[in-house]
Amino acid sequence: MNSIEKFTPAGLRIDGRRPKEFRIPEFEMGFTALPEIDGSVRYRQGGTVIEACVTGPSERQRRTEVFDMHTDLIINIELASFSQTTLLDRNIARGVAQSHISNLKSTLKSVLILSQPHSQITIDILVIQEDGALVAAMLNACILALIDAGVPMKDLLVATSVLRFSQNPLMENGVFVDPIVSEENNACFLTLAYLPNLKVVSATFLQGRLPVQEITKPTHGLIDTAVHACQQLYEIFKTELEKRAAQTQQFTL
């Protein structure tokens with residue numbers, strides 16, 4: 001499928017969205033009652049569905065002089081057996097998912113306050129279904145599960161992906177937000193993590209090659225577009241978290 005075929009004659013994407021329209025996220029925090037789980041979330045953004053469970057902070061299983069003075073962060077990623085159509089698809093997807101662990105860990109460490117010595121936090125991620133923007137969805141799911149677990153952080157990190165088509169006359173500026181898998185194929189896209197209150201870009205991950213000016217230009221560049229989308233996502237997360245906090249307080253009273 002070439003870039004032209006990814007759009008309708010009206011200039012809409014194949015799923016009916018406008019170029020800079022993201023799929024509205026839905027999430028359920030605390031979905032599991034297992035006593036060993038301290039925080040959890042089931043996160044859905046379109047066809048991408050992630051479950052994240054947090055355990056800890058708890059005593060570190062293996063102590064070393066290097067890590068004893070802070071909280072270690074451990075991330076595990078698994079794919080649901082039905083998330084891919086064939087064994088080959090699952091093996092490829094599993095390898096891709098595993099390759100993201102170091103990026104997830106470094107990004108989360110930039111926002112979490114990990115100051116409790118001799119301890120560890122474990123995040124178990126289950127990819128139930130993948131339909132684009134996987135790293136952004138995993139980051140958002142992890143943050144919400146960590147909030148559910150009461151882990152302190154500097155800001156509410158929010159992540160999104162933006163995609164660039166080098167040639168597409170149907171699309172203004174050639175940039176759009178929150179791609180699905182069929183849009184990601186053979187295209188360049190950027191995943192960005194943003195701290196909205198601190199107004200800081202925490203991390204960026206680029207898939208493919210693009211001129212630097214296409215990424216950094218102040219208007220309609222990938223970073224500019226991603227930051228704007230993250231600000232909108234933040235408002236959604238903030239509203240839902242405030243509703244949850246009010247309901248929890250009402251239940252406690």
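All values reported here derive from a predicted model rather than from experimental measurement. Worth knowing before you read on, the calculation uses all heavy atoms, side chains too, and leaves out hydrogens, waters and symmetry mates.
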**Message:** Check R17 with D178, please: is the shortest side-chain N to carboxylate O separation under 4.0 Å?
**Reply:** yes
**Request:** Anything under 30° is parallel, anything over 60° is perpendicular, the rest tilted; go ahead and classify F27 against F237.
**Result:** perpendicular
**Request:** State yes or no: do I74 and L112 share one hydrophobic cluster built from I, L, V, M, F, W and Y residues joined by side-chain heavy-atom distances below 4.5 Å, directly or via other members?
**Result:** no
**Message:** Consider side chain to side chain contact (heavy atoms under 4.5 Å, CB included). Of L241, N140, L233, which one does L156 pass it with?
**Reply:** L241
**Asked** Is the number of heavy atoms from other residues, nucleotides or ligands within 6.0 Å of CD (E235) greater than 12?
**Response** yes
**Prompt:** Would M138 end up clustered with F31 when hydrophobic side chains under 4.5 Å apart are linked, directly or stepwise?
**Reply:** no
**Flag for Q45-Y43: side-chain donor and acceptor within less than 3.5 Å** = yes
**Prompt:** Salt bridge between R44 and D131, side-chain N to carboxylate O under 4.0 Å?
**Reply:** no
**Asked** Going by atom types only, do T55 and T122 share a side-chain donor-acceptor pair under 3.5 Å?
**Response** no
**Fill in**
Taken to the nearest 0.5 Å, the spacing of F205 CZ from H100 NE2 works out to 9.5 Å
**Prompt:** Within the side chain of R13, is there an N or O that forms a donor-acceptor pair under 3.5 Å with the backbone of P19?
**Reply:** yes
**Asked** Around atom CZ of R23, are there more than 12 heavy atoms of other residues, nucleotides or ligands at under 6.0 Å?
**Response** yes
**Message:** Using the rule that Ile, Leu, Val, Met, Phe, Trp and Tyr join whenever any side-chain heavy atoms are under 4.5 Å apart, tell me whether L108 and I37 fall into a single cluster.
**Reply:** no
**Asked** Among the clusters formed by ILVMFWY side chains lying less than 4.5 Å apart, do L146 and M29 turn up in the same one?
**Response** yes
**Prompt:** Got L192 and C230 here, is their nearest side-chain heavy-atom distance under 4.5 Å?
**Reply:** yes
**S202 versus S110, side-chain donor and acceptor atoms under 3.5 Å** = yes
**Request:** Using only heavy-atom distances, determine whether the side chains of Y194 and D155 contain a donor-acceptor pair under 3.5 Å.
**Result:** no
